[in-house]
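Right, one structure below, let's go through it.
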Amino acid sequence: SLSAGASSHNKDITNVAHRGASGHAPEHTITAYKMGEQMHGDYIEIDLQMTKDGQLIAMHDETLDRTTNGTGEVKDHTLAEIKQLDAGSWFNEKYPEMAKPEYAGLKVPTLDEVFQTFGKNANYYIETKSPEVYPGMEQALLDKINQYGINKDTLLVQSFSAESLIKMHDLDPSVNLVQLMWYTSPAALSDAEITAVKQYAMGIGPNSSMIDKEYVQKAVNSGLEIHPYTVNEKEEMQKLIDWGVTGIFTNFPDRLNEVLKGK
Ligand code: G3P
Ligand code: CA
């Protein structure tokens, strides 16, 4: 029956485990990514940074300070140095109610390790972070995608940088792309922006707090996917679903799964 309202199309919403199930475990660790899968996330979201020796690693910040016991810029450290670091204890200290002894000492994963762990048919949603800091990042990512034979049907590459996405598109037009947006005031989507984005991307990812129903419907009616970030409360998830979003980034894929099941 359609009387349950939004539930009639709930099944089509893409559940993106943002930095893994990062509400439950230290972001961008293999543990958090595994929990994302277990909690019914459809995609593992991975932010990329590049080490001094050119290795792609999963980390949100350009600096080591927040999510490891190291300090300084990623680009000034080799992979071997970064592999010495503890990428889990900070979480136990910051979120004592979610802390687990096994999080202490978790390592920063390389993109190689993520692909080796989850395989070619997992759904990866990979962000080129600070591409202006890391020349060659797009080619390096594409090399890994090809090296591991990652299934491009379910791969998404995202960035705030249109330049980075256009570079990816030029290198390999078969990689599906999502343009991230960051708004600091109530957002509107112009026809010109839609036309420009559709030249290379199949979707957009705006911050959820500045968009409204009109914004969402305009994106959807233009044929774009729309995946707002980062949505952690069930009421906001349901509101966005009712507006017609096609996916949601969340630190709590378990909560989104409950909303999608009408719980
Ligand atoms: O990639 C979507 C969302 O993650 C963008 O924000 O800062 O969490 O990478 P950020
Ligand atoms: Ca991201």
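Numbers for residues simply follow the sequence, beginning at 1. Counting starts at 1 for both ligands and their atoms, following the listed order.
- Distance from atom 4 (O) of ligand 1 to its nearest protein heavy atom, with residue and atom name: H18 NE2, 2.6 Å.
- Ring-plane geometry between Y125 and F249 is classed as tilted, the angle between the planes lying from 30 to 60 degrees on a 0 to 90 degree scale.
- You'll find the side chain of H18 stays beyond 4.5 Å of the side chain of Y43, heavy atoms only.
- No more than 12 heavy atoms of other residues, nucleotides or ligands sit less than 6.0 Å from atom CD of E214.
- Hydrophobic clustering (ILVMFWY, side-chain heavy atoms < 4.5 Å, transitive): I150 and Y33 are in one cluster.
- Between the side chains of E45 and Q158, at least one donor N or O sits under 3.5 Å from an acceptor N or O.
- Distances from ligand 1 to the non-hydrogen atoms of Y125 include no value under 4.0 Å.
- For the 3.5 Å distance criterion, the side chains of S89 and D86 qualify, holding a donor opposite an acceptor.
- Proximity to K129 (heavy-atom distance under 4.0 Å) selects the following atoms of ligand 1: 7 (O), 9 (O), 10 (P).
- Protein N/O/S atoms found under 3.0 Å from the Ca ion (ligand 2): E45 OE2, D47 OD1, E127 OE1.
- The closest side-chain donor-acceptor pair between D112 and Q116, if any, does not fall under 3.5 angstrom.
- At a heavy-atom cutoff of 4.0 Å, ligand 1 is contacted by no atom of T230, backbone or side chain.
- Between Y215 and Y183, a ring centre-to-centre spacing shorter than 6.0 Å is recorded.
- Applying the side chain to side chain contact (heavy atoms under 4.5 Å, CB included) rule to N176 yields the partners L156, M202; only residues at least two apart in sequence or on another chain are considered.
- For ligand 1, the atoms lying closer than 4.0 Å to a non-hydrogen atom of Q158 are 1 (O), 2 (C).
- Heavy-atom contacts of R19 reach the following atoms of ligand 1: 7 (O), 8 (O), 10 (P) (cutoff under 4.0 Å).
- Of the candidates W182, F249, F160, it is F160 that places a heavy atom closest to atom 5 (C) of ligand 1.
- Between the side chains of S161 and E132, no donor N or O sits under 3.5 Å from an acceptor N or O.
- Listed by number with element, the atoms of ligand 1 under 4.0 angstrom from any heavy atom of H60 are 7 (O), 8 (O), 9 (O), 10 (P).
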